[in-house]
Amino acid sequence: MRILVTGGAGLIGSHLCDYFIARGDEVIAVDNFITGSPDNIAQLTNHPRFKFIRQDVTDFLRIEGYLDAVLHFASPASPVSYTAYPIQTLKVGALGTHKACGLARAKGARFLLASTSEVYGDPLVSPQSESYWGNVNPIGPRGVYDEAKRYAEAMTLAYHRAHNLDTRIVRIFNTYGPRNALDDGRVVPNFVGQAIRGEPLTVQGDGSQTRSFCYVSDLVEGIVRLLESNEIMPVNIGNPNETTILTFAEKINSLTGNKAGIVFRPRPVDDPNRRCPDITRAKTILGWEPKVGLDEGLQKTIAYFSKKIKGKQ
Ligand code: UDP
């Protein structure tokens, strides 16, 4: 296959590029590096089946030759980064999705949109299934991401309905692993970085809010299965193992042997109280469920960050 990945230098995009290259596909990655990093694709840059284009995907995408699939993963995705780049986030969800759909249509390619659990906002039901319409504050600081992705889903289905584009939508829940950006403010790189440096972990609020963390290789497997399925409507991909942020902080301190403890910080505006995917559809339609346990995934992630942080010292 010849596959284009927007956001190919991000956490998930770069792991997808690795996966497709290892499988024998040809991959074109597009990224403008506002939140992605050249380090994430350094292992691929000289590969004969890999091509990188540095570009903002809100501009017209000019690609030579055929494409079998377009995977649209470009977007700031952590609360800190989409708050820092609010207009770029709205533009990449809106204009970027339009360009990526247009490219897929012109090439007769399949289109897969990376959507998010943030479409559910601060959910009033838990776990969240795909039939839930969400509880989103459109004008709060997170609205730039949530609404961009909700618009992106609407655009994707509009292309499907109006142009018969062959589309897929994955709703991605919290994902972690090697290549998480150390400075993007997400809880996994924050806590692991703090623990490795021997600092107290910064729990926001009282830590009773929950998240469910999926290791990146499980996520990639789910996305590939969705891409290869016939499912047009959104599918949640994430790990249903829900934990409070306080318990999560205690786990990181115990896995790293960090003695500095925990400090409490103010809670960000509109921070969702609960987040846990209902993965019934992924199980039944794709035969997918996560395999990597939290301890195993965290150990790999801690090893990656230790090397990175010690390399910088
Ligand atoms: N969080 C925290 N300390 C940090 C960073 C995040 O307690 O240093 C909390 C944050 O308030 C949220 C959860 O961890 O409840 C997950 O935050 P993250 O930024 O990883 O992404 P989100 O799941 O909110 O998109």
Side-chain angles (χ1 to χ4, degrees), residues 10-12 35 73 75-86 89 93 114-123 126-128 134-137 140-150 170-216 219 236-253 256 258 260-277 294 297-298 301-302 305 309:
L11 166 70
I12 302 171
T35 57
F73 278 72
S75 179
S78 76
V80 166
S81 57
Y82 53 74
T83 308
Y85 299 106
T89 302
S115 186
T116 168
S117 54
E118 283 279 329
V119 300
Y120 303 123
D122 186 3
S126 200
Q128 295 84 52
N135 176 40
V136 171
N137 174 3
R142 299 175 89 99
V144 296
Y145 185 60
D146 303 10
E147 296 296 4
K149 289 293 188 181
R150 289 166 70 96
V170 55
R171 290 188 180 152
I172 299 170
F173 284 65
N174 290 65
T175 301
Y176 71 101
R179 302 185 194 156
N180 256 145
L182 246 182
D183 58 356
D184 76 2
R186 279 201 180 91
V187 68
V188 174
N190 266 16
F191 283 2
V192 174
Q194 289 159 347
I196 291 167
R197 292 189 296 266
E199 298 165 3
L201 308 198
T202 52
V203 168
Q204 294 170 347
D206 63 3
S208 63
Q209 71 271 33
T210 68
R211 293 295 185 273
S212 314
F213 297 101
C214 187
Y215 191 66
V216 67
L219 193 92
N236 289 339
I237 299 284
N239 193 316
N241 182 7
E242 188 177 10
T243 164
T244 69
I245 293 300
L246 187 59
T247 307
F248 187 65
E250 285 160 355
K251 181 182 270 299
I252 302 277
N253 275 342
T256 54
N258 183 28
I262 288 167
V263 288
F264 292 89
R265 295 276 181 264
R267 186 96 180 270
V269 176
D270 295 336
D271 189 33
N273 282 312
R274 289 194 74 178
R275 186 179 292 147
C276 179
L294 191 54
L298 281 175
T301 310
I302 291 165
F305 279 125
I309 290 171

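As the structure lists them, so they are numbered: ligands from 1, and atoms in each ligand from 1.
In this structure, Ser78 falls outside the shell of residues with a heavy atom less than 4.0 angstrom from ligand 1. Using a 4.0 Å heavy-atom cutoff, Arg265 is absent from the residues neighbouring ligand 1. The shortest heavy-atom distance from Phe191 to ligand 1 is under 4.0 Å. Residue Glu118 places a heavy atom under 4.0 Å from ligand 1. At least one heavy atom of Arg142 lies less than 4.0 angstrom from ligand 1.
Scanning all protein heavy atoms for the shortest distance to atom 3 (N) of ligand 1 gives Thr202 O, 2.5 Å. Closest to atom 16 (C) of ligand 1 among all protein heavy atoms lies Arg211 NE, 3.6 Å. Remark: minimum distance from atom 5 (C) of ligand 1 to any protein heavy atom is reached at Gly185 O, 3.6 Å. Protein heavy atom in closest approach to atom 9 (C) of ligand 1: Gln204 OE1, 3.7 Å. With respect to atom 20 (O) of ligand 1, the closest heavy atom belonging to the protein is Val187 N, 2.8 Å.
Side chain of Asn174 to main chain of Phe213: no donor-acceptor pair is present (N/O by atom type, distance under 3.5 Å, no hydrogens or angles). Using modelled atom types, no side-chain atom of Asp146 and backbone atom of Tyr120 make a donor-acceptor pair closer than 3.5 Å. One N or O on the side chain of Gln209 and one on the backbone of Gln204 form a donor-acceptor pair closer than 3.5 Å.
On a distance-only criterion, Arg267 and ligand 1 share no N/O pair closer than 3.5 Å. Looking at Asn174 next to ligand 1, an N or O pair under 3.5 Å apart turns up.
Within ligand 1, the atoms closer than 4.0 Å to a non-hydrogen atom of Ile245 are 7 (O), 13 (C), 14 (O), numbered from 1 in the order shown. Atom numbering of ligand 1 starts at 1 in the shown order; those under 4.0 Å from a heavy atom of Val203 are 7 (O). Less than 4.0 angstrom separates some heavy atom of Arg186 from each of these atoms of ligand 1: 19 (O), 20 (O). Listed by number with element, the atoms of ligand 1 under 4.0 Å from a non-hydrogen atom of Asn190 are 4 (C), 5 (C), 8 (O).
Within the 4.0 Å heavy-atom criterion, the part of Asp271 lying near ligand 1 is the side chain and not the backbone. With a heavy-atom cut-off of 4.0 Å, Val80 does not touch ligand 1 at all.
The two atoms that bring Asn273 and Arg267 nearest to each other are OD1-NH2, 3.1 Å, heavy atoms only. Shortest non-hydrogen contact noted between Ser75 and Thr35 is O-OG1, 4.1 Å. Here the closest heavy-atom approach between residue Phe191 and residue Ile252 is recorded as O-CG2, 3.9 Å. The shortest non-hydrogen separation linking Pro76 to Tyr85 is CG-CB, 4.2 Å. The minimum heavy-atom distance linking Gly140 with Asp270 is given by the pair CA-OD2, 3.7 Å. Across all their heavy atoms, Leu11 and Arg179 have their closest contact at CD1-C, 3.7 Å.
Under the 4.0 Å criterion applied to side-chain N and carboxylate O atoms, Glu118 and Arg142 are assigned as salt-bridge partners.
Using a 4.5 Å heavy-atom threshold, the side chains of Pro240 and Ser212 count as separate.
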